Amino acid sequence: ETGVTQSPTHLIKTRGQQVTLRCSSQSGHNTVSWYQQALGQGPQFIFQYYREEENGRGNFPPRFSGLQFPNYSSELNVNALELDDSALYLCASSSGLAGGTGELFFGEGSRLTVL
Amino acid sequence: SQQGEEDPQALSIQEGENATMNCSYKTSINNLQWYRQNSGRGLVHLILIRSNEREKHSGRLRVTLDTSKKSSSLLITASRAADTASYFCLFKAAGNKLTFGGGTRVLVKP
């Protein structure tokens, strides 16, 4: 069974640029959620996808967008990067109906630095 | 803030001692989960307690849930140096928002 994988693991961007982060969900999981974790803070929920549809969103501006593909892998896109977007971005997959609160399986994260 | 409240923010104990941390939330929940995170890496699921359960055990972990007070506690008994990590509670808030607590950083000294 393949776990959750995220890419890239580290990246550096400059203000105003755009970034795409990728996540492969665990085999058999149909739900993916994304989180932003600043240093020393708890993860903050960005959004969740269930069977290719967004079914939950946190308090993030529209420049944070996402996709879920038919194989349930996912992308997080962030446009017009700001310095405060520097953080660890975590992806988690789970199985369940309409994104129920079952156990989440996390990837190791993508660490984004915005200069 | 989306986050639930956790306390203490940090905890330092000797190996063999118990560690207790608390999580409070404001919404109705179906379940509450606890996760561990080592050094800014991915989170690992520890235990899930349903809203109709009051206490649950898993190895050296004991979780309680008081839905009337909207709070949960995680107890780690007989702690080990390998338990050094950050611990987070997770619940689903209104609008399908998965919400983590602010976390408790636990340091277990050998």
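The structure displayed is predicted, hence computed values, not measured ones. Chain naming here is simple, since letters A, B, ... match the order of the sequence lines and numbering starts at 1 in each.
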Side chain, backbone, both or neither: which part of [X] has a heavy atom under 4.5 Å from chain A?
{"X": "B/Q9", "answer": "neither"}
{"X": "B/L48", "answer": "side chain"}
{"X": "B/L90", "answer": "side chain"}

Heavy-atom pairs under 4.5 Å with chain A, option from B/L43, B/L32, B/I29, B/V44 with the top count
B/L43
Side chains of B/Q37 and B/Y35 only: does a donor on one sit below 3.5 Å from an acceptor on the other?
no
Going by distance alone, is a donor N or O of one side chain under 3.5 Å from an acceptor N or O of the other, for B/S51 and B/N30?
no
Whatever's closer than 4.5 Å to a heavy atom in chain B on A/E108 counts as both
Using a strict threshold of under 4.0 Å (side-chain N to carboxylate O), is an ion pair present between B/R60 and B/D83?
yes
Describe, in one word, how the ring planes of A/Y35 and A/F45 are oriented to each other, choosing from parallel (under 30°), tilted (30 to 60°) and perpendicular (over 60°).
tilted
Are any of the side-chain heavy atoms of B/V63 and B/L65 separated by less than 4.5 Å?
no
